[in-house]
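Take a look at the structure below.
Convention: sequence-line order gives letters A, B, ...; per-chain numbering from 1.
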Amino acid sequence: MTLRDISRGAGEWLRGSGPHSDVVISSRVRFARNLAGFPFVNRANRRQRYEVLESCRSQIMTNRLADNTLWVQLADSPAIDRQLLVERHLISRDLARRTADIPRAVAIAADETFAIMVNEEDHLRIQVLRSGMQLGDAYSQINRIDDILEEKLDFAFSKRFGYLTACPTNVGTGVRVSVMMHLPALKLTGEIDKVKRAARDMHLAVRGLFGEGSEALGDLYQISNQTTLGKTEKETLADFEAAVIPQIIAYEHQARQALLRQREKQLDDRVWRAWALLNNARVLGTDEALQLLSHVRLGIHTSRLDRVDIRTLNELLLLCQPAHLQKVTGQEMTPAARRIARADLMRQRLGGR
Amino acid sequence: MKYKCDKCDRPATHHAVVRVKGQNIQKRLCEQHAAEEGLPIKSAHAPINELLTNFIKMADGQSQPSDKIKPAAATRRDRACPDCGLKFSDFRDKSLLGCSGCYKAFEKALIPLLERAHEGGAQHVGKVPRRSGGGEQRQLQIARIRKRLDEAVTAENYELAAQLRDDLTGMESGNAPAAPRQLDPGTPEDDRP
């Protein structure tokens, strides 16, 4: 299996299925782990970093984590491959752009249900992805992976502070639960700020499509926990499954209903303008494309438009991003050339002229 | 206190210590100039770093009045971790600890920070790795042997290195957890200790 194989489809988290998939795009659980006996990545020397990389590689690749696992050495990878992995949410932007002298890698399951980063901020960042609201499922899988790795790898752990991490904001369980939600109606009605405030009061982070410090492109928001010490993994998960996410889903549904009741024509106008632009534009930037796809998606979920399925929209959401676009067309392109190729791709896939 | 970028008036978001001709030179730069200087950009972590920096400053404010800096307190705070050599001021700049030992070395200063960052939590209650049965003493011992091993390799003292490697292998296999793991399938994965 190669990167080229995985760049064609949409991958696990964009399958467009799973519970509440009209609002919840994907669920993700991440564990941060470090090997006992080695300094953390930022303090380790070159030899130690290589040794950590090799210990992790042999354990990840020889074990029964998945039938087919792809190991990508990022220090030798071209920038476009690293960007591709960022766009697919398989590695962090931080791991993609670390300086070349830090040996680092990612192990990716063929079905993209997990990605294990080695030598990011912590020695190991294990993540499991699912489409829709499937945190319980994601948690069972990551816990199993953690158990298997732990059979041979000694994780840095203290009774008092739990799993020890380079940044004290992750110490304890090392768990980050993260749910990506599509909230176009809350955005259109201006209610999104209330959601953000409420989330912050509950010690949750609200971030954009690409995590910390990124914009909420395409009305996509990632909600994640910040507390990792003094709470069990199950408690963190239960907060999300029983309280936080169902509330935001209900809130988004209400906003969609309100739009239908009070501003039906304006809603239709948004949806059909987006459709018309995607089918006719000749030059299209990433941000604009993501926003138009968002409005078309809203049109499908409110039954205003049925000319395309969610799977196609999800594929386009990925394929319209810079690295994917270049991978699919098989050539490097300037940003200007990409905008033209992006518009071509949309018309081609959506049946426009 | 907020620092300005060395090269313009924007707030400095990137701090680095660069060694030039045996001297440490502090660099404080904004996003743009940090990128131009080729410093590793860590903006993806900016919010958390900011959060932590604020916590650290708040903690400092509580522990000592700003008008009078007691020398004893100052040296205590800038003490280095005995295991990896990281100074507390390094942690303050980058929000990253250097090794497991840092949690012990800076425990007093870290606890109020952790309580703020984790809704009051300062005691782990989640999953416990079955393998770490040997406990912290054993982890610390392994860390120290690994450190000596690294020094031995650097000094090209391969005889000592081989010996230390044997010690490590012995310690690691001496704690093979295979049997108890299999015997205990009924326990929930993340029971409290």
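- Interface summary for chain A: among C84(B), G101(B), C99(B), the most heavy-atom pairs under 4.5 angstrom belong to C99(B).
- For a residue to count as touching a neighbouring chain, one of its non-hydrogen atoms must lie under 4.5 Å from one of that chain's; by this rule E115(B) does not touch chain A.
- Between chain A and the residues D150(B), T154(B), V153(B), L149(B), the largest count of heavy-atom pairs under 4.5 Å involves D150(B).
- Each of G230(A), G162(A), A166(A), A36(A) has some count of heavy-atom pairs under 4.5 Å with chain B, and the biggest count is that of A166(A).
- For a residue to count as touching a neighbouring chain, one of its non-hydrogen atoms must lie under 4.5 Å from one of that chain's; by this rule V41(A) does not touch chain B.
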Sequence neighbours excluded and cut-off under 3.5 Å, please list the side-chain donor-acceptor pairs for residues 195-204 of chain A, or say none.
none

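- A salt bridge is absent between D83(B) and K104(B): the closest approach of a Lys/Arg side-chain nitrogen to an acidic carboxylate oxygen does not fall below 4.0 angstrom.
- Q222(A) places a side-chain N or O within 3.5 Å of a backbone atom of L209(A) that can act as its donor or acceptor partner.
- Heavy-atom pairs under 4.5 Å with chain B were tallied for A156(A), A44(A), A205(A); the largest tally goes to A156(A).
- Looking at T165(A), the atoms closer than 4.5 Å to chain B (heavy atoms on both sides) sit in the backbone and in the side chain alike.
- With R176(A) as reference, N170(A) is the one residue of T228(A), T169(A), N170(A), T236(A) to meet the side-chain hydrogen bond (donor to acceptor under 3.5 Å, both in side chains) rule.
- When heavy atoms are compared at a cutoff of 4.5 Å, L86(B) approaches chain A by way of both its backbone and its side chain.
- Taking a 6.0 Å sphere around CZ of R160(A), one finds it holds more than 12 heavy atoms contributed by other residues, nucleotides or ligands.
- Looking only at distances, no side-chain donor or acceptor of H124(B) sits under 3.5 Å from a matching main-chain atom of T232(A).
- Using a 4.5 Å cut-off between heavy atoms, L153(A) contacts chain B through its backbone alone, with no side-chain atom that close.
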